[in-house]
Structures are given as C-alpha cells and as structure tokens.
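A short write-up of the structure that comes next.
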Number of protein chains: 2
Amino acid sequence: MRVLDHPLQTDRARLLFKALADPVRLTVIEALAGGERCVCDLTAELGLAQSKLSFHLKLLKEAGLLESRQEGRWVYYRLRVEAIQSMQNWLAALAARCERPASPCP
Amino acid sequence: MRVLDHPLQTDRARLLFKALADPVRLTVIEALAGGERCVCDLTAELGLAQSKLSFHLKLLKEAGLLESRQEGRWVYYRLRVEAIQSMQNWLAALAARCERPASPCP
DNA sequence: AGGATAGATCAAAATTGGTTGATGAATCAA
DNA sequence: TTGATTCATCAACCAATTTTGATCTATCCT
C-alpha cells in the first residue's frame, strides 16, 4: 500500500465511522441486520418520525452502509455487508500496524 | 447474548465510532499506530494548535482509544489495541447477523 | 527563587449536526 | 380522475462539537 493511498482510505473510513456514530442510525442498522425492511415498517417498529428516519436512511446510504430498492409504493432498505467488511479491514490494518516491532532501539 | 445487553454494547461501540469520526482524531490515531508519542512531538508533526490537539487527545482517551503516561514534563500517548479489537468484534457480530438464513419463508 | 517549557483547561465564537413540521412527487386503488 | 399512502425534501429551529486564544499548573533547569 502506498502512503498516498492512505488518506483516501482513511477519509472513507471516517465517513463510515461517522455514519455509525449516532444512536438512531445504530438502531436502524441493528434492525436491518435481521434483513431487508421497508421504510414504513421501520418507522413503526422504531417509533420514529418519518422525516427523521428518512434523513438518517439517506445519510447511511450515502455513506455506503445501506442500499435500497423500490417496489411499488414501498422502498426497501438493506445493509451492505461490504461496508461493514471495509471497516473491519481498516481496523485490522490499524491493529496490525500497532503490533509492529516498535521504533529502532534508543 | 440477551437482548437487553445489547443496547449497552452498542452504545459503547457508538462512542468508539464517534471518536473515530473526526479527521483530526484519525490523523492522531494513525500517527500513534507507529508507536507511543509525546504531545509536543505530535503537535509539531501534525501542525496542530496545542489546545486543539489536547482537546482531541482527551476525547480519544475518554473513549478508551488511548492511554497516556507522564514522564517528567512530557506526556506520552499510545493506542489501546483492545479498543480497536472491541470495534472489530462489534462489527464481526453485526456481519454475522447479516449472514443469517433470512426470515421464514414467505 | 526565577524563568522556561509541556500540557491541561476554560469561555467565547464558529461550525456542524439533528429535529420538526410542511410540502411535494410517485404509486396505487376505487 | 380523485383520494390515499409511501417516501423524499426543504427550511427553520435547536443542540452538540470544534476551534481559538488566554490562562493555569507542574516540571525542569540555572
């Protein structure tokens, strides 16, 4: 991995972390871990105002954590497992760098 | 895992994600992935105002991502790999739930 | 002791984020 | 076509975070 690749990767990771840094969005994520759901379903189950849920769904989608498909009047959202894997990979790379032999002897 | 355990775990994860959801803090994290550093070192290397860096270091430490030790006038910060592992674990659990056989047949 | 340096803390200003209620677009059913 | 339903969008408001510059504490050196 070149050094200059890193900032981009990191910024992408940052957007993913930011997307998960909110209680409402985490609730949505956990609800969707069980599988695809339509918006009205989520609204009811989570007891959220419709515009509020819509706001967070959009944000999660833009971050790459969700994808959606329309079916008639309904819109179904689901988790993108690849996004979760990206985060895992980023964290794994970070952890790996921490395990390094440490700096040259003093 | 009981259902009621979950909110706590999730909220802890949320705080970690939040801590990583900032460009300055990610820069700090990456700098510390190379090993322990003193504050003045980081200030110089990252070109940050001292109070600004101090603010973010405190936040990262409170989130459990960093720990520090004082040596004379200097304070050294380092990454807590356990925190990174916590995040990895949380994500792995989430990903595992996504792989489920999906809901009962329709 | 006196001066210099490292770092933490604080309050005010600036910025960013989230919520709310209203409105709009698309789909469907009658 | 009309009315109902689902969802997205918008602007105004409110709340949380971040930045900045100043001040404070502790440690060290002379």
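Residue numbering restarts at 1 for every chain, and letters A, B, ... go by the order of the sequence lines.
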**Message:** I'd like to know if the side chain of Glu45(A) reaches the main chain of Gly47(A), judged simply by a donor and an acceptor atom lying under 3.5 Å from each other, with no hydrogens or angles considered.
**Reply:** no

**N/O donor-acceptor pair under 3.5 Å between Arg25(B) side chain and Ala19(B) backbone** = yes

What pairs with [X] under side-chain contact (heavy atoms from CB on, under 4.5 Å), at least two apart in sequence or on another chain?
{"X": "Glu67(A)", "answer": "Arg78(A), Arg80(A)"}
{"X": "Arg14(B)", "answer": "Pro23(A), Leu26(A), Asp11(B), Lys18(B)"}
{"X": "Ser68(A)", "answer": "Lys61(A), Val75(A), Tyr77(A)"}

**DNA chain C-proximal residues of residues 14-25 of chain B, any heavy atom under 4.0 Å** = none

**Fill in**
chain A vs DNA chain D, heavy-atom contacts under 4.0 Å, first-to-last nucleotide span, 5' to 3', is dT5(D) to dT9(D)

**Request:** For Leu42(A), answer base if it contacts any base atom (sugar-phosphate contacts may also be present), sugar-phosphate if it contacts only those atoms, and nothing otherwise; contact means non-hydrogen atoms under 4.0 Å.
**Result:** nothing

**Asked** Under 30°, 30 to 60°, or over 60°: which ring-plane class applies to Phe17(B) and Phe17(A), parallel, tilted or perpendicular?
**Response** parallel

**Item:** Heavy-atom side-chain contact between Phe55(B) and Leu48(B) under 4.5 Å
**Value:** no

**Asked** Are Glu30(A) and Arg97(B) side-chain neighbours, meaning at least one heavy-atom pair lies under 4.5 Å?
**Response** yes

**Request:** Give, for atom OG1 of Thr10(B) and atom CG of Leu94(B), the distance between the pair rounded to the nearest 0.5 Å.
**Result:** 9.0 Å

**Request:** Decide whether Leu16(B) and Leu15(A) are clustered together by the hydrophobic rule: side chain heavy atoms of Ile, Leu, Val, Met, Phe, Trp, Tyr closer than 4.5 Å, transitively.
**Result:** no

Could you list, one pair per line, each protein nitrogen or oxygen that sits under 3.5 Å from a nitrogen or oxygen of nucleotides 5-12 of chain C, together with the distance?
residue : atom : partner  : partner atom : Å
dT5(C)  : O4'  : Arg73(B) : NH1          : 3.3
dA6(C)  : O3'  : Arg73(B) : O            : 3.3
dG7(C)  : OP1  : Val39(B) : N            : 3.2
dG7(C)  : OP1  : Val75(B) : N            : 3.0
dG7(C)  : OP1  : Val75(B) : O            : 3.4
dG7(C)  : OP2  : Cys40(B) : N            : 2.4
dA8(C)  : OP1  : Tyr77(B) : OH           : 2.8
dA8(C)  : OP2  : Ser54(B) : OG           : 2.8
dA8(C)  : N7   : Gln50(B) : NE2          : 2.7
dA8(C)  : N6   : Gln50(B) : OE1          : 2.9

**Request:** Could you tell me whether the phosphate oxygens of dG17(C), OP1 or OP2, come under 4.0 Å of any side-chain nitrogen or oxygen in His56(A)?
**Result:** no

